[in-house]
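Okay, so here's the structure we're looking at.
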Amino acid sequence: MKSMLPDLRLAKPSKQGAALRDYDSVRRAIGFISEQWRTQPTIEAMADAAHLTPDELHHLFRRWAGLTPKDFMQALTLDHAKRLLRDSASVLDAAYDSGLSGPGRLHDLFVTHEAMSPGEWKKGGEGMTLRYGFHPSPFGMAIVIASERGLAGLAFADEGEEMPALADMQRRWPLATYIESFAETAPFAKRIFDSSQWRADQPLRVVLIGTDFEVRVWETLLKIPMGRATTYGDVACKISSPKASRAVGAAVGRNPVSFVVPCHRVIGKSGALTGYHWGITRKRAMLGWESGQAAGQ
């Protein structure tokens, strides 16, 4: 397995590579903060949990998310989650009213998308060639999967779990042909995780491969702006299925293009962070990281 992964120690240092190394320490800090945020722990306590000095933790969070540890802790509190939700309905209404469907600025990555036909989906990927590669990201190792038509999959894994994560993605389209290609998937990784590459004149093309219902849910997720959140119930209403919150939850969980199609921005009605296919700690990290990105805009 290790031979299939790029050796980041030998690679030229990059913004994404540095973020990957940062995430290991950030993950420990997030675990502590998510358990102790009600007591508003000191930076000394957070640093001790992350096995860092307070100065190291401060600089780490500023480098990784553009936030101080205290600001990041605030971004993970229930009150913050409720604030994210406060205007969620009007945000989605505005997106629909402005006619955002298909090419255009659907969200902060400047995504344009298309969906495979039901017939293509039912074939389980038969006849498709999907290229994959392992790439460093701010949220651990990313598995990028691309088709000739655009980005088809994005998954995440902690160290040592890369191959099970890839296998999980491959089970979605079991009849496709898979070819490892770091070189061909690297441009996608750069477009996704380097915010300087988020350009309207170079939209990231995404191919949504799922049932008609799932695609409708995923298209709705694309309309949730960075720094905002919504609920499963709101999404259900937007697709004219107000009683289908559980089905919406299942579709959100099956989203094959994590982060780009921002399923991490869907939270519980109370503001609680609910489960996430790639781990609740990673979901917390994404929301906190995005808070820093939004604050810097």
Side-chain angles (χ1 to χ4, degrees), residues 1 3-6 8 11 14-17 19-20 102-117 119-157 161-211 214-215 218-219 221-222 254-264 277-278 282 286:
M1 179 188 73
S3 64
M4 301 179 66
L5 303 178
L8 300 177
S14 67
K15 184 177 180 180
Q16 290 76 28
L20 173 60
R105 186 177 184 180
L106 293 179
H107 73 333
D108 26 81
L109 292 181
F110 294 101
V111 169
T112 181
H113 75 280
E114 64 175 292
M116 285 199 164
S117 69
E120 288 176 306
W121 173 78
K122 289 180 181 179
K123 291 180 180 179
E126 183 178 5
M128 291 177 56
T129 297
L130 297 176
R131 289 171 171 77
Y132 68 91
F134 298 91
H135 301 272
S137 85
F139 315 111
M141 187 64 75
I143 300 98
V144 177
I145 299 177
S147 73
E148 293 180 353
R149 292 154 66 174
L151 180 70
L154 179 62
F156 295 95
E161 297 298 322
E162 294 90 351
M163 296 312 295
L166 174 62
D168 175 74
M169 295 297 287
Q170 290 175 323
R171 283 192 291 270
R172 299 165 187 256
W173 315 294
L175 301 182
T177 298
Y178 291 87
I179 299 174
E180 183 178 13
S181 178
F182 181 85
E184 291 181 271
T185 53
F188 287 97
K190 187 172 181 62
R191 279 281 290 110
I192 294 165
F193 299 115
D194 184 351
S195 59
S196 68
Q197 301 294 311
W198 298 356
R199 296 173 53 184
D201 61 339
Q202 295 180 5
L204 175 66
R205 176 166 289 279
V206 175
V207 180
L208 302 178
I209 309 174
T211 66
E214 288 171 343
V215 169
W218 301 338
E219 288 177 332
L221 301 183
L222 281 170
R254 288 194 292 269
N255 169 31
V257 192
S258 180
F259 185 67
V260 173
V261 178
C263 51
H264 59 282
H277 188 75
W278 307 111
R282 189 167 278 111
M286 288 178 177

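Just so you know, these numbers come straight off a predicted model, no measurement behind them. Sequential numbering from 1 along the given sequence is applied to the chain's residues. Reckoned from all heavy atoms, side chains included, excluding hydrogens, waters and symmetry mates.
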Exercise for review: Check side chain to side chain contact (heavy atoms under 4.5 Å, CB included) between A142 and all other residues, then give those that pass, not counting sequence neighbours.
Suggested key: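 So A142 forms a side chain to side chain contact (heavy atoms under 4.5 Å, CB included) with S137, L154, F156, F193.
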Check your understanding: Among all residues two or more places apart in sequence or in another chain, which pass the side chain to side chain contact (heavy atoms under 4.5 Å, CB included) test with A165?
Key ->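 For A165, the residues satisfying side chain to side chain contact (heavy atoms under 4.5 Å, CB included) (neighbours in sequence not counted) are I143, A157, W278.
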**Study point:** Listed once per pair and sorted, the salt bridge (Lys or Arg N to Asp or Glu O under 4.0 Å) pairs that draw on residues 135-152, sequence neighbours left out
**Key:**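 Found E114-R149, E120-R149.
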Review point. Do any pairs count as a salt bridge (Lys or Arg N to Asp or Glu O under 4.0 Å) and have a residue in residues 133-144, sequence neighbours left out, and if so which ones?
Key: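 Sorted pair list comes back empty.
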Practice item. Name all residues meeting the side chain to side chain donor-acceptor pair (under 3.5 Å) criterion together with E184; count only those two or more places apart in sequence or in a different chain, and write none if there are none. Key: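 With sequence neighbours excluded, E184 shows a side chain to side chain donor-acceptor pair (under 3.5 Å) to R131, S181, given in chain and number order.
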Where is the tightest heavy-atom contact between [X] and [Y], given as atom of each residue plus distance?
X    : Y    : answer
E219 : H113 : OE2-NE2, 2.9 Å
V207 : S147 : CG2-OG, 3.9 Å
F139 : M286 : CE2-CA, 3.7 Å
F188 : R205 : CE2-O, 4.5 Å
A146 : T185 : CB-CG2, 4.4 Å
V215 : G210 : CG2-O, 4.0 Å

Distance-only donor-acceptor pairs under 3.5 Å for side chains of residues 166-174, two or more places apart:
{"unit_1": "D168", "atom_1": "OD2", "unit_2": "H277", "atom_2": "NE2", "d": "3.1"}
{"unit_1": "R172", "atom_1": "NH1", "unit_2": "R254", "atom_2": "O", "d": "2.7"}

Check your understanding: Is the backbone of I192 close enough, under 3.5 Å, to the side chain of W198 for a donor and an acceptor to pair up by distance?
Key ->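 Side chain of W198 to backbone of I192: a pair is present.
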Practice item. Rounded to the nearest 0.5 Å, what's the gap from CD1 on I209 to CE on M128? Could you check? Key: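 So the gap between those two atoms works out to 3.5 Å.
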Review point. If you round to the nearest 0.5 Å, how far is NZ of K123 from CG of L175?
Key: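 Taking CG in L175 and NZ in K123, the distance rounds to 11.0 Å.
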Review point. Is any side-chain heavy atom of R282 less than 4.5 Å from a side-chain heavy atom of S258?
Key: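 They are not in contact (no side-chain heavy atoms under 4.5 Å apart), so the answer is no.
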Point to revise | Contact check, side chains of V261 and L208, non-hydrogen atoms, under 4.5 Å | key: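 Touching, per the 4.5 Å side-chain cut-off.
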